[in-house]
Amino acid sequence: MENFELVILLLDATLRTSTPLILAALAGMFSERSGTINLALEGMMLGGAFSAAAVAFYMDDPWIGLLAAIATTIALSLLHGFACITHKGNQVVSGMAINILMSGLTALVGIALFAQGGKTPALDKAARFQPITLPGAEAVKDVPIIGPIYFELLSGHNILVYIAFLAVPAAWWVMYRTRFGLRLRAVGENPGAVDTAGIGVVAMRYRAVICSGVLVGMSGAYLSTAQGASFLQDMTAGKGYIALAAMVFGKWRPFPALAACLLFGFLDAAATRLQGVILPGIGEVPVQLVQALPYVLTVILLAGFIGRAIPPKALGRPYVKER
Amino acid sequence: MSTTVQLPRWIDVGALPLLNLLLALAVSGLVVLAIGENPVEVVEILLYGAFGYEEAWGYTLYYTTNFVFTGLAFAVAFHCGLFNIGAEGQAYVGGLGVTLAALYLDFLPFPIMLVIGMLAAMVFGAAWAYIPAYLQARRGSHVVITTIMFNFIASSLMVYLLVNVLRPDGSMTPESEQIAENLRLPFIHDMAAALGIEMASSPLNLSFVYAIVASVMVWLFIWHTRWGYAIRTVGSNAVAATYAGLEPGRYIIIAMMISGALASFMALNEVMGVQHRLLIDFTAGYGFVGIAVALMGRNHPFGIFLAALLFGMLYQGGAELSFEIPTISNDMVVVIQGLVILFTGAMEHMFRPRVTKIYTAWRLRRDAQEAA
Amino acid sequence: MHQMHGTGETGAVQPAIELRGIDKRFGAVHANKEIDLKVDKGTIHGIVGENGAGKSTLMSILYGFYQADAGTIHVDGKLCEIKGSEDAISAGIGMVHQHFMLVETFSVLENVILGVEGGAVLRDGVDRAREELRRLEREYSLDIDPDAIVGDLSVGLQQRVEILKALFRGAEILILDEPTGVLTPQEADHLFRILETLKEQGKTVVLITHKLREIMAATDNVSVMRQGAMVAHRKTAETSPEELSELMVGRKVLLRLEKGDANPAATVLNVENLCVDNAQGVRKVKNATFNVRAGEIVGIAGVSGNGQSELLEVLGGIRSATEGSVELNGQDITPGKGIDAAELRRRGVAHVPEDRHRMAMVTAFSAKEAAILGYQDDPAYQKSVFLDWPAISKATANMMAEFDVRPDNPDLKAANFSGGNQQKLVLAREIMRDPELLLVGQPTRGVDIGAIEFIHKRIVAMRDAGKAVLLVSVELDEIMSLADRILVMCDGAIIGEVAASEANERVLGLMMAGVDPNEAKAVEGQA
Amino acid sequence: YAGVASAAEIKPAVVYDLGGRFDRSFNQGAYNGAEKYKADTGTEYRDFEIQNDSQREQAMRNFARRGMNPIVAIGFSQASALEKVAKEFPETKFTIVDMVVDLPNVQSVVFKEHEGSFLVGVLAAMASKTEKVGFVGGMDIPLIRKFACGYVQGVKYADPNAEVFQNMTGTTGAAWNDPVKGGELAKSQFDRGADVVYHAAGGTGVGVLQAAADAGKLGIGVDSNQNALHPGSVLTSMLKRVDVAVYEAFGAAAGDSWKPGLTILGLAEGGVDWALDENNEKLITPEMKDAVAKAKEAITSGSLAVHDYMSDSACPM
Ligand SMILES: Nc1ncnc2c1ncn2[C@@H]1O[C@H](COP(=O)(O)OP(=O)(O)OP(=O)(O)O)[C@@H](O)[C@H]1O
Ligand SMILES: Nc1ncnc2c1ncn2[C@@H]1O[C@H](COP(=O)(O)OP(=O)(O)OP(=O)(O)O)[C@@H](O)[C@H]1O
Ligand SMILES: [Mg+2]
Ligand SMILES: [Mg+2]
C-alpha cells in the first residue's frame, strides 16, 4: 500500500513535469509536420514564461499572462517564419538564434523592469493558475485504490495540465481529421503538391508555425505562472530540447509524442526525488544518468536501433520554385 | 540576354555580411534604447572595456581565442555540409581529457606535457564528436539533433564525474584538483616578462598562438589539400562525391572529428591556460558563440578570426558594461550574439535580391555608357 | 522562320486556351520568349521540343505554377488572370506534371481531395469524394484502389492518380507533361486510349512530349518549340516526323553521324550475370551479361527507369554489385568490396554520368575545382601534401581549349557555365585522361545542337582511338547514330542485342516494351 | 570624526554567488548588510552578480584592479577564484563567507549553521501535527548536510518519534536557483505526510515556501528572514547573519580593525538565530517559544552540543 501511494505520487509529479513537454512537443509537431524545423522551442518557451510572469504580475491575472505569453511566442514564431519561410533562411540557424536571443533578452528586460537580477517578482495566488479539484474528488478521497488515483493523481492540477492532456487528442483530430491538418501534413511532405492543388505553401506554413507558437506559449506560461511562481533566468533549462527529443521520439505523431513526454517527465520526476537518496540494496543512483536518459534514448531511436523515426520529407527545406 | 549578373566578391563576402551585421547591431541599439539606456554610451563603454587599457586587450584576446576555436570547429563541419551544434559538449569532454592527462601524467616534463595535453584534449573532443558523426554517416541520424543531445549527455556525464570522481575529498565545489604547474600553458605576460617586456597580467596565454596557427592550418587544410577538397565536395554535393570516389560517410566522420578536436582546443585555453582545473560548465556557451562567429566569418578562417575578435570584444567589453551600467548585464552580449546569428545566419538572404538588383542596374547602365 | 499556320483558321470553334506573348526568364535563362498559342476545344494538342525548349515552363505558367513576366492567358475566349494554381483550377485547367506532385505518404483519396476537401472537417467531403472517384474510374477505366498509399504504387498508377486529381477538380482542359517518359509502350497505349475517351467527352488535352511517334499517333494539332520560342503550329495530319524534327532542331537532322566502321578488338569490359539491388532491396539490374570491346561503342537503349541508370552507376563504382562479376581487361573489378569509383578511375574507367548537376559536378565549385573531381588524388595535381593549384589551373585551361569550353576561365564558378559548356568540361575531364573504358550516360541531355555534334564526334574519336565505349541514352536517335551494337534493357534485364545496321525504331521500341527480340523482328518483318 | 574620515576612504565591493542579490535568501542577506552599511555611513559600494562560474575570478580581479577594498565574496564556490586573485593583490583585503581560505590578506567567516538549524528543528517538530517534517537542501554538499543534520537533531530533541524526510535538489550550482524543482520536492514531502518543511536551498527555497503556502502547510526559511514572503505560512526562518558578516567586514576595514584569519559565528556570537516577527507570531505558541529558548540557552551555555556534520562527515541521527 505504501508503495502504491508512492507510485501514485510519482505519477502525480509526472503529470506536472510532463505538461510543459507535451505542449511544447505538440508545438514542435505542428511546425515540423509542415516542414519547418523548430529548434526555437527552448527560446520561445522562455519568452512565453517571461511574458506570462511579467504580465500576470502587473495585471494580477494569470489568464492575461497566458495571452501575453501566447502573443510573445506567436511573434517569435512569425520571426522564425520570416527568416525560414519568407527569406528561406536556414531553419536550424534561425532556431538557435532565437534560443540565444531569448536567453539574453528575457534576462535583460527582466532586469530593466524589475531590477531583480533577471527574475520577475514572486506572483501571489491571484496571479497564478490554481489547482482545480475535480468534481467528486473529495467524496472518493478515502476509497481505496480509486481514491488515490482520482483524488491524488487526476484531481488537483491546474487548468493548464488538463489543457495539455486534452490538447493531444485535439491535435490528433486537427492533424488527421480536418482539411487544415491534411494540408499541413501535405505541405511538410511535398509542398509542390500543395502548391499545385491551389493552396498557398507559404501561408500554410505560416499557419503551422502560428499553431506552434500558441502551444509553446502555453507551455512557457505553465512554467512561470502555474508550476512556478515567477520567471527565472534560463528557467526552461533545456526543456525545449527535451520536448523536441520527445517529438522525434514520438515520430512526429501526437500520441506517441505524448507517451515520450510522459516517459521523460517520469524520468525527471524520479531523478528529482532520487537526488541524494540512498536506495536500499542499490545504493545511490547517479541522478545524472537518469537525467541523461531522455537524450540517450532519443539518440538510440535516431540511430534506428528501436524503430525508425522518419521525419516529414520536406522538413528543413524551404520551398523554392524558381532557382 | 541575362537580366542579372553575378555579384563581385567584395559584395558577396564583404558588403552583404557587413550589411547584415550592421542591421544586427542597429537592432541591438534599439534594444538598449528600449531598456532606457544610451546606445552611444554603451558603445563607448564597450570599446573602453575591450581596448581601453592594457589588461583589457589581454582579456579580449583571451575570449577571442575561445571563439576562434569554436568558430573553426563549426566551419570545418559546415564545409562538409554538417551543422555541428555540439562544440559545447565536445569542448567540455575535451576538458576532461586535458584534466585527466594532467592529473595522472603530472610526472612528465613540461614540453612533453604540452603535447600530451593537446593530444588528450583532441582525442577526447574528437571521440565525443565521433558518435554523432558515425550515426550520421552510417545510420543517417541527423547530426543537428544528435549533437544537441550529446551536449546534454556531456553535461550530465561531467557533472557526475566532477561530483563523484574528480572532486577532491572534503571539497564542496564540484571541480577537479588544480593541475600541476608544469602543465599550465604559460601566460603571454609571463612569456613577455621573460623576454624583458612588461605586460599587464591577463588570462591570455599560449593557446592564443595555437589559435592563430590553427586558423592557418584550417585554411590550408580546407582549400589546399585533397582532404579539404574531399570534405567540400561531400558538403556541397554528396552524390558527386560518391561519383568521385569519395565516400561521404568517411569524410563526414573525418570532418566531425576535426571539428570536435578544434572545439576541444577551447578547453586547452580554459583548463590548461586559465582556470588550471576542470570547472563545471566552463564552456559557458562559447560553443554556441562559435556558430555566430563562423556564420559571420563566412566559414573562412580569416573571417572567423575577425568575427571572433568582435565577439571577444563584446564579451570583455560586456563584462565592463555590466560593471558600469547595472541595468545592462552580460545578457546584452547574449542578445547581440542572438541577433548576429539571426541576421547574418538565418536571414543572410534578406538583402541579396535587392542588392543584386541594384548592382545589376548599375552595371547595365555602366555597360551601356561604355558601349556608347 | 516563324510560319504561323494558326489553328485559328478553323474559325468557327472558340479556342479553349489562348496564350498571347508569354515571356519568362529564370535568372539568366530565357525559358519562354513571347509565346503565342491557341488550343482548340475538344482536341488533343501536342507540344514538342527538345529538352530545355521551355515546354514545361510554358505549361506551368498556364497552370499558375510560375508567373509569366509578360503576356496574357485567355480561357474560353475570356481574359483570365492566373496568379496561382488556384485560379487555373477554377478556370477548369488540370495538369499532370512531369515530376508528379503527389504526397507519397497519403492515400490515393487524400491526394485527390487535397485542396478540394469540401469542408473544414474531412469526413464530410471524403465520402462524396469516394463516390465521385468511383464514377470517374468507371467512366475512364482508371482502376485504382482509393485507399492505397501512393508511395507504394507504380509510376504508371501514380500517373493515374494525377489524372484523377485533375478530373476530380472538374478539369475541362488537361495538360500532360511528358507523361510517357516513365511508361512502357503498353502503358503509354493505355494512356492514349484514356486521352481519346477524354476527347470524346469534349475535354481538351494538351500533350507535351519530345517523342514524335506519340505526336503522330495521338494528337490533332501540334506546336513546336525551340530554345524558348514557339516556332511552328501544324495540323498533325498535314505534317511528318521529318518536318517536325527539322523544326525542333532548327535544321535538317543528320539521322546518321558520319563515322567509319568500327574495328572491334579485344574485349575490354566483360559483365557476367550482374545484379544490382537498390537501397530498398528492389532488384534494379537483373543478370546483365554483355561485353564491350576495344574500338567499339555499345549503346544501351530503354525507357528511362528500366535499370540503365543503375547499370551505369554500378559500372562506375557508385553502387555495389549485388551479384555477378565485372572484368576489365581480364581483371576482376566487380564494384563493391574495395572497388569504388576512385579505384575504377585508377584502373582506367572514365565515367560521364547521366545527371550532370546531381553527379558530374559541384556547381558551387570553380571550373578548375570541378575539373579535378574524381582525380583529386592524381599526383600531377599535388605538391607535397598540398594541391598544386597553378598546375590544376593549367590543366583546366588545357581541357577548356581542347573541348572548346566557353568562357575559357578556370576560375569562373561552374554554375555560371551554360549546360552545354558544363557538359563539355565534364567530357574533357573524363576523355582527356585517355581511359581504357568510357562510360557515358545521356551525353547530350539539355545541350544545344552545336555542342551535340561536337560531343558525338569526340565520342566517336574515342572509339577510333581504340577505346571501349558504353553509351546509355534514352534518345533512340542518339543510340542509333552513335552505337555499333545496341543492347536493349527492359525492367532491369538486357533482353536482346541488335546490330546498329539492323536497328530501327520499331524493332527497338518493341524490344524496349519487353517483346522478345526474335518476335520483335518477326513483327517488324510482317509490317 | 576619525571614523567618518576612514569610512569615506574605503571602497568596498561584494561579489554574490549564483542566485544573485535578490535570491531572498543567502545572497540577499549580503546585499542587505551592504545596503545597511551604505545607509548608516553613506559609503558607496560596488557589487556584482555572477552568471557563471568562470566570471568569479574576473569579477574579483576587476574589483581589485579598480582599487576596491575590502572585497567580500559570498559563498563557498568563490574560494578557488578568491585564492588566486588574493595572491595577485596582496594589498587588498578579501573576506569570504562560508569557506576558509588561508591567506594573509583573507578573512574567512563561517557559521555554525547546525546550531540555528537545531532551533528551527525544535520549532518544526512542535508545529507538526503529523509528526512528519521535511528538509529540502540545495546543492548536495557537506555544508547543506550540516544544515540537515542540525535540523534533524532539533526535531528529534523535541519529538523523538518524528520522522524527517530529506531531499537535495542537485549537485551543481544550478541547485541553488531552481524554485520549480524545490516546489516539486516540497510537494512530494507534503504528499508523504509532512506538514512543515525547512529549506536550505537559496533561491530554490522560494519554490519550497511557495509550495508550502499553496498547500496550506508550513515552510521554514533560511539565511535571511523569509517570514514575510508568505505571512502565516512561514513558521520561522533560520537566520544566518550574512548581513552582519558583510556589515562587520566593511566596518572593520573602515575602522582599521579588519583582521585576516577565521571567524566562526554561532548562536553565542549572534551569527545564527531564529526569526520571530509579526508575520509568524501567531504560529509560535508560548510553549514553542519556551522550548526553543531553553534549547538556545543550553547550546550557548555548552550543556547541549549539536553535532556538526562537517566535523566527521556523518550525522548521528
Ligand atoms: N524553376 C526553374 N528555375 C530556373 N530555371 C529553370 C526552372 N525550370 C526550368 N528552368 C530552365 O528553363 C529552361 C526551360 O526548361 P523547361 O523545363 O521548360 O524545358 P522542357 O522543354 O520542359 O524540357 P524537358 O524536355 O527537359 O522537360 C531550361 O533551361 C531550364 O533549365
Ligand atoms: N480550387 C478549388 N476548387 C474547388 N473548391 C475549392 C478550391 N479551393 C478551395 N475550395 C473550397 O472552397 C472552400 C474554402 O477554401 P479555402 O482554401 O478558402 O479554405 P480556408 O477558408 O482557407 O480554410 P482552411 O484554412 O481551414 O483550409 C472549401 O470548401 C474548399 O474545399
Ligand atoms: Mg485555404
Ligand atoms: Mg519539361
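Convention: sequence-line order gives letters A, B, ...; per-chain numbering from 1. The analysis underlying the following values was restricted to heavy atoms, covering all of them including side chains, and did not include hydrogens, waters or symmetry mates.
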**Asked** In Å and rounded to the nearest 0.5 Å, what is the CG to CD1 distance from A:Leu113 to B:Ile35?
**Response** 9.5 Å
**Prompt:** Does B:Phe311 have any ring pair (Phe, Tyr, Trp, His ring centres under 6.0 Å) partners at least two apart in sequence or in another chain, and if so, which?
**Reply:** none
**Complete:** Sorted by chain and residue number, the ring pair (Phe, Tyr, Trp, His ring centres under 6.0 Å) partners of B:Phe343 (sequence neighbours excluded) come out as none
**Asked** Does A:Leu101 reach the side chain of B:Ile341, with side-chain heavy atoms less than 4.5 Å apart?
**Response** no
**Item:** Which portion of A:Ile242 sits near chain B, non-hydrogen atoms under 4.5 angstrom
**Value:** neither
**Prompt:** Got A:Leu79 and B:Met347 here, is their nearest side-chain heavy-atom distance under 4.5 Å?
**Reply:** yes
**Request:** Rounded to the nearest 0.5 Å, what's the gap from CD1 on B:Ile291 to CD1 on A:Ile100? Could you check?
**Result:** 6.0 Å
**Shortest non-hydrogen separation from B:Leu342 to A:Ala97 and the atoms involved** = N-CB, 3.5 Å
**Message:** Please rank B:Leu339, B:Ile85, B:Val340, B:Val335 by heavy-atom pairs under 4.5 Å with chain A and give me the top one.
**Reply:** B:Val335
**Item:** Under 4.5 Å from any heavy atom of chain B - which part of A:Val92
**Value:** side chain
Could you pull out every donor-acceptor pair under 3.5 Å between chain B and chain A?
unit_1	atom_1	unit_2	atom_2	d
B:Arg139	O	A:Arg308	NH2	2.9
B:Arg139	NE	A:Ala303	O	2.4
B:Arg139	NH2	A:Ala303	O	3.4
B:Ser141	OG	A:Leu302	O	3.0
B:Asp331	OD1	A:Gln233	NE2	2.8

**Prompt:** Within a reach of under 6.0 Å around CZ of B:Phe83, are more than 12 heavy atoms found that belong to other residues, nucleotides or ligands?
**Reply:** yes
**Asked** Got a sec, which residues hit side chain to side chain contact (heavy atoms under 4.5 Å, CB included) with A:Ile74, two or more places apart in sequence or on another chain?
**Response** A:Ile70, A:Leu78, A:Ile210, A:Val214
**Complete:** Output for pair (A:Leu108 CG, B:Ile336 CD1), nearest 0.5 Å, gives 9.5 Å
**Message:** Pair A:Val299, B:Ile145 - check side-chain contact (heavy atoms from CB on, under 4.5 Å), show working.
**Reply:** CA-CA 8 Å; A:Val299 170; B:Ile145 309 240; over 6 Å; no
